[in-house]
S.K.: 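Before anything else, here's the structure in question.
Each chain gets a letter, A, B and so on, in the order the sequences are listed, and its residues count up from 1. Owing to the predicted nature of the structure, the values given are computational and were not obtained by experimental measurement.
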Amino acid sequence: MSRRWIAHLDMDAFFASVELLRYPELRGQPMVVGGGTRHQPVAQADGTHLFSRLRDYAGRGVATTATYEARAFGLHSGIGLMKAAALAPDAVLLPVDFDAYRRCSRLFKAAVAAHAPQIEDRGIDEIYIDLSEVPGAQDAIGDDPHGGVRALAGRIQQAVHDATGLSCSIGITPNKLLSKLCSDLEKPHGITLITEVDIAQRIWPLPARRINGIGPKANAKLDALGIRTIGELAAAEPQWLIGHFGQSYGNWLLEAAHGRDDRPLVTSREAKSLSRETTFERDLHARHDRAELGAIFTGLCERLADDLVRRGYVARSIGVKLRLDDFRILTRELTLGAPTADAAAIRHHAGLCVKRMPLDRRFRLLGVRAGQLSRADDTNADPFEGRKEEGQLSLPFADDA
DNA sequence: TCTGGGGTCCTAGGACCC
DNA sequence: TCTGGGGTCCTAGGACCC
């Protein structure tokens with residue numbers, strides 16, 4: 001009888017581990033990756049490197065990844081670097097090198113694909129894999145009825161290591177929700193395999209927050225209602241949950257707590273939006289810092305246009321995002337008459353969006369977004385496409401046009 | 001010592017059409 | 001005059017994820 005086996009593979013401390021390949025002398029030390037680019041290691045005459053320490057950092061950056069040694073000090077991804085420096089001033093700080101991580105990402109995914117072709121990409125350092133149809137996955141080994149799939153996971157771990165020199169952790173269960181949860185249970189370099197019969201013992205004691213889809217807000221609300229663990233959530237009265245969280249989310253919470261999830265793997269998908277944003281070194285004001293902001297704004301639009309062209313998309317909506325000095329977020333967006341990937345057109349429409357925003361406060365972040373994407377080469381031979389562009393003159397704020 | 005950058009999906013109200 | 005119902009698109013905000 002054939003079972004559905006979904007694996008979730010998560011690279012262990014991915015960015016930091018890639019950096020350790022390059023600077024093996026840092027192995028065993030607390031280290032974080034993050035911040036800007038002004039803390040590059042300096043090569044010494046004797047071949048060693050001089051590294052920046054957290055104590056030397058000043059700015060608004062956050063840690064992207066921390067080694068397990070750094071985590072022992074309470075550091076974790078997302079922590080502000082100034083705060084991190086207070087906790088572990090001597091920890092090494094390395095700049096982020098996305099190109100290197102992307103190269104490793106491609107390598108590990110290709111290594112997995114050689115064993116199991118059904119893969120859902122979930123970002124730079126994790127994937128779901130459908131193991132159900134992979135030869136050997138349904139075999140028993142000795143007295144272990146699931147020995148086959150366990151051995152397969154071991155071979156995948158080995159293949160990832162052979163291809164990249166990096167370790168990963170794998171959760172294997174009948175669905176994505178449980179596998180995602182399980183890949184985290186025995187990090188680093190773990191393989192965690194569970195089925196329905198293990199849910200009460202292995203899953204229910206865990207904090208509700210560990211469920212992918214319960215974030216800070218939902219967790220705080222659950223906590224206030226006296227629900228801390230997944231088991232407590234599973235035991236909640238359905239109507240009571242729905243009363244507090246709504247029909248849709250309430251039902252989903254209950255299903256998730258029971259480990260039920262029938263989402264299929266999504267093995268390919270098109271981008272829906274692309275965006276570029278930047279946080280300033282100091283908060284800026286639309287009037288007082290006009291010139292500086294204008295240059296940043298245009299730069300963002302140019303980079304966004306570049307991304308669109310490089311990836312072969314055109315956008316039919318353009319939006320702008322501000323993060324105010326008090327961290328509130330404002331967004332404005334408008335739909336274009338005809339799709340574009342042109343920097344000047346993006347800049348123009350993004351400018352119209354900004355005109356619709358209240359600009360009395362200082363803000364710390366500016367972003368530009370391209371939505372409603374379609375493929376640039378889709379010869380979408382609509383003879384009225386050009387005419388629609390003219391209809392755009394009915395925009396609420398006729399600009400300098 | 002305040003919290004990056006890049007995404008997805010959902011909700012909800014209003015416009016507009018039939 | 002008061003009163004429909006359904007459907008789609010647009011927009012703003014928010015939760016969540018890596």
S.K.: Can you measure A:D10 atom CG to C:dC17 atom P for me and round it to whole angstrom units?
M.R.: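 The distance from CG of A:D10 to P of C:dC17 comes to 14 Å, rounded to the nearest Å.
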S.K.: Which residue in the set A:D307, A:D306, A:V368 passes side-chain contact (heavy atoms from CB on, under 4.5 Å) when paired with A:R276?
M.R.: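 The side-chain contact (heavy atoms from CB on, under 4.5 Å) with A:R276 is passed solely by A:D307 among A:D307, A:D306, A:V368.
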S.K.: Would you indicate which nucleotide in C:dA12, C:dC10, B:dT3 comes nearest to any side-chain atom of A:F327?
M.R.: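 The answer is B:dT3.
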S.K.: Using a heavy-atom cut-off of 4.0 Å across all strands, would you classify A:A218 as base, sugar-phosphate, or nothing?
M.R.: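 Sugar-phosphate: the residue A:A218, judged by heavy atoms under 4.0 Å, touches backbone atoms but no base.
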S.K.: What nucleotide, of C:dC17, B:dC9, C:dA12, holds the atom closest to the side chain of A:K272?
M.R.: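 Out of C:dC17, B:dC9, C:dA12, the nucleotide with an atom closest to A:K272's side chain is B:dC9.
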S.K.: Does the side-chain hydrogen bond (donor to acceptor under 3.5 Å, both in side chains) test come out yes or no for A:E120 and A:T267, once each step is laid out?
M.R.: CA-CA 5 Å; A:E120 174 175 338; A:T267 51; over 6 Å; no
S.K.: Specify the separation, in whole Å, of atom NZ of A:K176 and atom C1' of C:dC16.
M.R.: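 For the pair A:K176 NZ and C:dC16 C1', the rounded distance is 15 Å.
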S.K.: Expressed in angstrom and rounded to an integer, what is the separation of A:W252 atom CH2 from B:dT11 atom C1'?
M.R.: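 Nearest whole value for this atom pair: 17 Å.
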S.K.: Checking contacts here: which listed nucleotide (B:dG7, C:dC18, B:dT1) is nearest the side-chain heavy atoms of A:E126?
M.R.: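 Nearest nucleotide to the side chain: C:dC18.
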S.K.: Between A:F245 (CZ) and B:dT11 (P), how many Å, whole number?
M.R.: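 Roughly 15 Å, once rounded to whole Å.
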S.K.: Looking at every strand, decide which applies to A:G246 at a 4.0 Å heavy-atom threshold: base, sugar-phosphate, or nothing.
M.R.: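 Result for A:G246 = nothing.
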S.K.: Considering every strand and a 4.0 Å limit on heavy-atom distances, what is the contact class for A:I214: base, sugar-phosphate, or nothing?
M.R.: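 Sugar-phosphate contact only - A:I214 comes under 4.0 Å of backbone atoms but never of a base.
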S.K.: From the options C:dT11, C:dA15, C:dC10, select the nucleotide whose nearest atom is closest to the side chain of A:K217.
M.R.: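 Nucleotide nearest to A:K217's side chain: C:dA15.
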S.K.: Ring of A:F245, cation from A:K221 - is the NZ or CZ under 6.0 Å from the centre and inside 45° of the axis?
M.R.: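 Judged by the rule (NZ or CZ under 6.0 Å from the ring centre, within 45° of its axis), A:K221 counts as positioned above A:F245.
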S.K.: Starting at the 5' end of DNA chain B, which residue's closest nucleotide do you reach first, A:S248 or A:D307?
M.R.: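 Whichever sits nearer the 5' end wins; that is A:D307.
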S.K.: Determine the Euclidean distance between corresponding P atoms of B:dC17 and C:dG4; express it in Å to zero decimal places.
M.R.: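 Going atom to atom, P in each nucleotide, I get 22 Å.
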S.K.: Would you kindly compare A:R303 and A:L81 by the position of their nearest DNA chain B nucleotide and give the one closer to the 5′ end?
M.R.: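 Closest to the 5' end, via its nearest nucleotide, is A:L81.
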S.K.: From the options B:dG7, B:dG5, C:dA12, select the nucleotide whose nearest atom is closest to the side chain of A:E277.
M.R.: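 Nucleotide nearest to A:E277's side chain: B:dG5.
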S.K.: Which part of the nucleic acid, if any, lies within contact of A:L366, taking any heavy atom under 4.0 Å across all strands shown: a base, the sugar-phosphate backbone alone, or nothing?
M.R.: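 It contacts nothing in the nucleic acid.
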S.K.: To the nearest Å, how far apart are A:D125 CG and B:dG7 C1'?
M.R.: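 Interatomic distance, CG of A:D125 to C1' of B:dG7: 14 Å.
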S.K.: Using both distances under 3.5 Å as the test, list the Watson-Crick or G-U wobble partner of C:dC18, or none.
M.R.: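 Per the H-bond distance test, B:dG5.
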S.K.: Could you please name the option among C:dA12, B:dC9, C:dC16 that lies closest to any side-chain atom of A:R269?
M.R.: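 Side chain of A:R269 sits closest to B:dC9.
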S.K.: Scan A:R328 against the nucleic acid and name what it touches under 4.0 Å (heavy atoms): base, sugar-phosphate only, or nothing.
M.R.: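 Counting heavy atoms under 4.0 Å across all strands, no contact is made by A:R328.
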S.K.: Tell me what A:S317 touches on the nucleic acid: a base, only sugar-phosphate, or nothing, going by heavy atoms under 4.0 Å.
M.R.: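 Nothing, no heavy atom under 4.0 Å.
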S.K.: In terms of side-chain heavy atoms of A:R209, which of C:dC17, B:dG4, C:dC10 is nearest?
M.R.: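 Nearest to the side-chain atoms of A:R209, counting from C-beta on, is C:dC17.
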S.K.: Side chains of A:T335 and A:Q372 only: does a donor on one sit below 3.5 Å from an acceptor on the other?
M.R.: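 Result is yes, a qualifying pair exists.
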S.K.: Would A:R375 pass as a cation-pi partner of A:Y313, given that its NZ or CZ must be under 6.0 Å from the six-membered ring centre and within 45 degrees of the axis?
M.R.: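 Because its charged atom sits under 6.0 Å from the ring centre and within 45° of the axis, A:R375 does stack over A:Y313.
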S.K.: Counting heavy atoms from C-beta on, name the nucleotide in C:dC16, B:dT1, B:dG4 closest to the side chain of A:A86.
M.R.: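 Per side-chain heavy atoms of A:A86, the pick is B:dT1.
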S.K.: Which of the following nucleotides, B:dT3, B:dG6, B:dG5, is nearest to the side chain of A:V62?
M.R.: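 Nearest to the side-chain atoms of A:V62, counting from C-beta on, is B:dT3.
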S.K.: Any sub-3.5 Å donor-acceptor pair from A:K272's side-chain atoms to A:G371's backbone N or O?
M.R.: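 Pair absent, no side-chain N/O of A:K272 close to backbone of A:G371.
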S.K.: Could you state the atom-to-atom distance from CD of A:Q372 to P of C:dA12 in whole Å?
M.R.: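 About 13 Å, once rounded to whole Å.
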S.K.: Out of C:dC16, C:dC10, B:dG7, which nucleotide sits closest to the side chain of A:P216?
M.R.: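 Taking heavy atoms from C-beta onward, the closest nucleotide is C:dC16.
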S.K.: Under 4.0 Å, heavy atoms only, any strand: does A:I79 hit a base, just the sugar-phosphate, or nothing?
M.R.: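 Touches nothing.
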